[in-house]
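Worksheet: the structure to be examined is printed underneath.
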Amino acid sequence: MSERAAVRGVLFDLDGTLVDSLPTVAAAMSRALADFGYDFAPEVVIPLIGAPMPVLASELTGVRGDVADQMNARYLELYYDEFIDTTLPLAGAEELLGRLYDADVPLALVTNKNEDGARRMIEIQRWERYFDVIVGRDTTPRAKPWPDGSRFALAAIGVTARDASFVGDTEFDMQTGRDAEIGQRIGLLGARTPEELRASGATHIAEDLGGVGAILLEGAPATVAAE
């Protein structure tokens, strides 16, 4: 007998939420920036991941406009040629998606990867059956933290914002969920602290994807991680 979920629809971030891509994303960006004469170790890049990559490049280097776009283009070339195929799922991701799928909960992906890149990652992980819609940073006019992509995803899966949940690991995820008026925003620990996630709109905090599952499928209380 299928489980009954505590929510009617779930929007997921991708990088750092379902797949362990932060190290490979950071390594590719570090190499791209080095090609332009900027020396930033991957460990420096990781805390900034979440924003669109041209924005991240600008934050690190101070450049704007065409140069930031060129840095992003080089990053994309490196990432998709050398790094993406090695990305592993985070512990518990397959189990969580399978439980939600078996419970007939419609799922959407809302990521700041471009849509083609997000689809490729889903294919690498063999998760195509789980997601009803994939929304990338180029699917709608504005990427996270703007709410455009989340609203697009909600319309696509036919779920009202108040009946949905957004699961992500950065302030960009919590902000898009908050501004789209999504009823439940689950901040997954790892890239950000509980305080940072709550300050940007998280209603729940989870230590891992098992904790996310307890909230989504079992109605666990708002705080799973220690205060």
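The pair Asp85-Arg120 counts as a salt bridge, with a side-chain nitrogen and a carboxylate oxygen less than 4.0 angstrom apart. Between Arg119 and Glu123 there is no salt bridge, since no side-chain N of the basic residue sits under 4.0 Å from a carboxylate O of the acidic one. A salt bridge between Glu94 and Arg129 is present, with a side-chain N of the basic residue lying under 4.0 Å from a carboxylate O of the acidic one.
Residues Asp169 and Ala191 come closest through the heavy atom pair OD2-CB, 3.6 Å. Nearest heavy atom pair, residue Ala206 against residue Ile186, reads CB-CG2, 4.1 Å. Considering all non-hydrogen atoms of both residues, Leu22 and Ile46 come closest at O-CG1, 4.0 Å. Considering all non-hydrogen atoms of both residues, Met71 and Tyr38 come closest at CE-CE1, 3.4 Å. Closest non-hydrogen pair, Ala164 versus Val159, comes out as CB-CG1, 4.0 Å. Minimum heavy-atom separation, Ala108 to Ala153: CB-CB, 3.7 Å.
Using a 4.5 Å heavy-atom threshold, the side chains of Trp146 and Thr140 count as separate. A 4.5 Å side-chain heavy-atom check between Thr24 and Tyr79 finds at least one atom pair inside the cut-off. Contact annotation: the side chain of Gln125 approaches that of Thr87 to within less than 4.5 Å [non-hydrogen atoms, C-beta and beyond]. Contact annotation: the side chain of Ile122 approaches that of Leu14 to within less than 4.5 Å [non-hydrogen atoms, C-beta and beyond]. Side-chain contact check for Leu90 versus Thr17: every heavy-atom pair is 4.5 Å or farther apart. Between Asp15 and Asn112, every side-chain heavy-atom pair lies at or beyond the 4.5 Å cut-off. Between Val19 and Ile124 the shortest side-chain heavy-atom distance does not fall below 4.5 Å. Between Leu18 and Met121, the closest side-chain pair of non-hydrogen atoms is not below 4.5 Å.
The distance from atom CG of Leu100 to atom CD of Glu95, rounded to the nearest 0.5 Å, is 10.5 Å. Taking CG from Leu107 and CZ from Phe12, the interatomic distance works out to 6.0 Å, rounded to the nearest 0.5 Å. The NZ atom of Lys113 sits 9.5 Å away from atom CG of Leu76, with the distance rounded to the nearest 0.5 Å. Atom CE of Met53 sits about 11.0 Å away from atom CD of Glu59, to the nearest 0.5 Å. Separating the CZ atom in Phe40 from the CG atom in Leu33 is a distance of 7.0 Å, to the nearest 0.5 Å. Taken to the nearest 0.5 Å, the CZ atom of Arg142 stands 4.0 Å off from the CG atom of Asp148.
Val110 and Leu56 are assigned to two separate hydrophobic clusters, defined by single-linkage of ILVMFWY side chains at heavy-atom distances under 4.5 Å. The hydrophobic clustering, which links ILVMFWY residues whose side-chain heavy atoms are closer than 4.5 Å, places Val167 and Val7 together. When the side chains of ILVMFWY residues are joined at heavy-atom separations under 4.5 Å, either directly or via intervening members, Leu216 and Leu109 end up in a single hydrophobic cluster. Residues Phe131 and Tyr101 are members of one and the same hydrophobic cluster, defined by side-chain heavy-atom contacts under 4.5 angstrom among Ile, Leu, Val, Met, Phe, Trp and Tyr. Residues Tyr75 and Phe36 share a single hydrophobic cluster, defined by chaining ILVMFWY side chains whose heavy atoms lie under 4.5 Å apart.
Ser58 contributes a side-chain N or O that, together with a main-chain N or O of Val63, makes up a donor-acceptor pair within less than 3.5 Å. Lys144 contributes no side-chain N or O that, together with a main-chain N or O of Gly149, makes up a donor-acceptor pair within less than 3.5 Å. Ser30 places no side-chain N or O within 3.5 Å of a backbone atom of Ala27 that could act as its donor or acceptor partner. Between the side chain of Asp138 and the backbone N or O of Glu115, at least one donor-acceptor pair lies under 3.5 Å. Although no hydrogens or angles enter the test, the distance criterion places no donor-acceptor pair under 3.5 Å between the side chain of Arg8 and the main chain of Asp163.
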Let's go through Thr170 and Ile49 carefully: what are the C-alpha distance in whole Å and the side-chain angles of both, what is the deciding distance for side chain to side chain contact (heavy atoms under 4.5 Å, CB included) to 0.1 Å, and is it a yes or a no?
CA-CA 8 Å; Thr170 72; Ile49 293 174; over 6 Å; no
Quick one, Arg192 with Phe172, criterion side chain to side chain contact (heavy atoms under 4.5 Å, CB included). Give me CA distance, side-chain angles, the key distance, then yes/no.
CA-CA 11 Å; Arg192 305 292 188 268; Phe172 303 99; 4.2 Å; yes
Run the side chain to side chain contact (heavy atoms under 4.5 Å, CB included) check on Glu82 and Arg31 step by step: do they pass?
CA-CA 11 Å; Glu82 299 183 32; Arg31 280 186 46 191; 2.8 Å; yes
Evaluate Glu181 against Leu154 for side chain to side chain contact (heavy atoms under 4.5 Å, CB included), listing each step before the verdict.
CA-CA 11 Å; Glu181 301 182 329; Leu154 290 169; over 6 Å; no
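Heavy-atom neighbours of Asp39 CG from other residues, nucleotides or ligands within 6.0 Å: at or below the threshold of 12. More than 12 heavy atoms of other residues, nucleotides or ligands sit less than 6.0 Å from atom OH of Tyr80.
The aromatic rings of Tyr130 and Trp127 lie tilted to each other, with the angle between the two planes from 30° to 60°.
Looking only at atom types and distance, the side chain of Thr176 has a donor-acceptor partner in the side chain of Ser150 under 3.5 Å away.
Residue Ile157 forms a side chain to side chain contact (heavy atoms under 4.5 Å, CB included) with just one option from Asp132, Val10, Val105, and that option is Asp132.
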